[in-house]
Colleague: 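Structure provided below as C-alpha cells; questions to follow.
We're numbering straight along the sequence, starting at 1.
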Amino acid sequence: MMSVIEKNIKWIIILFVSTFAVLTIFLSDFSGMSDGFTRVGFPIVFMQDTGGKCIDCQDIKWFNLFYLVLDLLFFFLISLFIVFFCLKKLPTKG
C-alpha cells in the first residue's frame, strides 16, 4: 500500500493543491470591501473579515486554524480518493 502512495505522491500533491486553491477562491465570498463580509473557506469557512467597514468589529473578524486544518484534510482525502479511483481504472503494464 505504501509503495502505491510513494509512486503517486506527485499527483496527490498536485491535485490537493489545485483543488484547494481553485475551490477556495471561487467559492469564497469577497464582499467585505464593498458592504459585507469576506468569508474564505470551502466546505468550512475558516476566515471572516469586514474589510474595515465597521468600528469596533473585532468580534466579527476571525480566523480559525482548526477549520483551516479540516478544510485541508477534506481536500487531501478527496485527492487520495480521486488518485486511487483513477488508478483502478487505468490499465496496468505487464
Colleague: Is it true that Phe30 and Val22 fall in one hydrophobic cluster, defined by side-chain heavy atoms closer than 4.5 Å?
Modeller: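 No; Val22 is not reachable from Phe30 via cluster members.
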Colleague: Evaluate side chain to side chain contact (heavy atoms under 4.5 Å, CB included) for Phe26 paired with Phe42, printing each intermediate quantity in order.
Modeller: CA-CA 9 Å; Phe26 284 127; Phe42 176 80; over 6 Å; no
Colleague: Starting at CE of Met47, measure out to CG of Leu68 and round the result to the nearest 0.5 Å.
Modeller: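 With rounding to 0.5 Å, CE (Met47) is 10.5 Å from CG (Leu68).
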Colleague: Please answer: with hydrophobic residues joined when any side-chain heavy atoms are less than 4.5 Å apart, are Ile25 and Ile14 in the same cluster?
Modeller: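 Not linked; separate clusters.
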Colleague: Please give me the minimum heavy-atom distance between Ser28 and Gly41, naming the atom from each residue.
Modeller: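 Nearest heavy atoms, Ser28 then Gly41: OG-N, 3.3 Å.
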Colleague: Could you pull out all residues at least two apart from Phe76 that satisfy side chain to side chain contact (heavy atoms under 4.5 Å, CB included)?
Modeller: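 Result, side chain to side chain contact (heavy atoms under 4.5 Å, CB included) vs Phe76: Ile12, Phe16, Leu80.
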Colleague: Surrounding CZ of Phe63 (heavy atoms of other residues, nucleotides or ligands, distance under 6.0 Å), is the total greater than 12?
Modeller: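 More than 12 within 6.0 Å, yes.
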Colleague: Cluster question for you: counting only ILVMFWY and a side-chain heavy-atom cut-off of under 4.5 Å, with indirect links fine, are Ile9 and Phe20 together?
Modeller: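 Shared cluster, yes.
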Colleague: Thr24 side chain to Ala21 main-chain N or O, any donor-acceptor pair under 3.5 Å?
Modeller: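 It does not hold such a pair.
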Colleague: Sort out for me which residue in Phe74, Tyr67, Phe66 forms a side-chain contact (heavy atoms from CB on, under 4.5 Å) with Ile44.
Modeller: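 Running side-chain contact (heavy atoms from CB on, under 4.5 Å) over Phe74, Tyr67, Phe66 with Ile44 returns exactly one hit, Tyr67.
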Colleague: Mind running side chain to side chain contact (heavy atoms under 4.5 Å, CB included) on Phe46 and Val40 for me, showing each step along the way?
Modeller: CA-CA 6 Å; Phe46 57 85; Val40 179; 3.7 Å; yes
Colleague: Establish whether Ile82 and Leu72 are linked, either directly or via other cluster members, by ILVMFWY side-chain heavy-atom contacts under 4.5 Å.
Modeller: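 Yes, because Ile82 and Leu72 connect within a single hydrophobic cluster, where side-chain heavy atoms sit under 4.5 Å apart.
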Colleague: So with a 6.0 Å cut-off around CH2 of Trp11, is the heavy-atom count from everything else above 12?
Modeller: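 No, because the 6.0 Å sphere around CH2 of Trp11 holds 12 heavy atoms or fewer from other groups.
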Colleague: Taking the side chain as every heavy atom from C-beta outward, state whether Thr38 and Asp29 have any pair of such atoms under 4.5 Å apart.
Modeller: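 Not in contact.
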Colleague: Among Leu70, Asp71, Leu23, which one satisfies side-chain contact (heavy atoms from CB on, under 4.5 Å) with Pro43?
Modeller: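 Single pass found, and it is Asp71.
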Colleague: Check whether Gln48 reaches the backbone of Ile60 with its side chain - one donor and one acceptor, N or O, closer than 3.5 Å.
Modeller: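 Here the side-chain-to-backbone pair exists.
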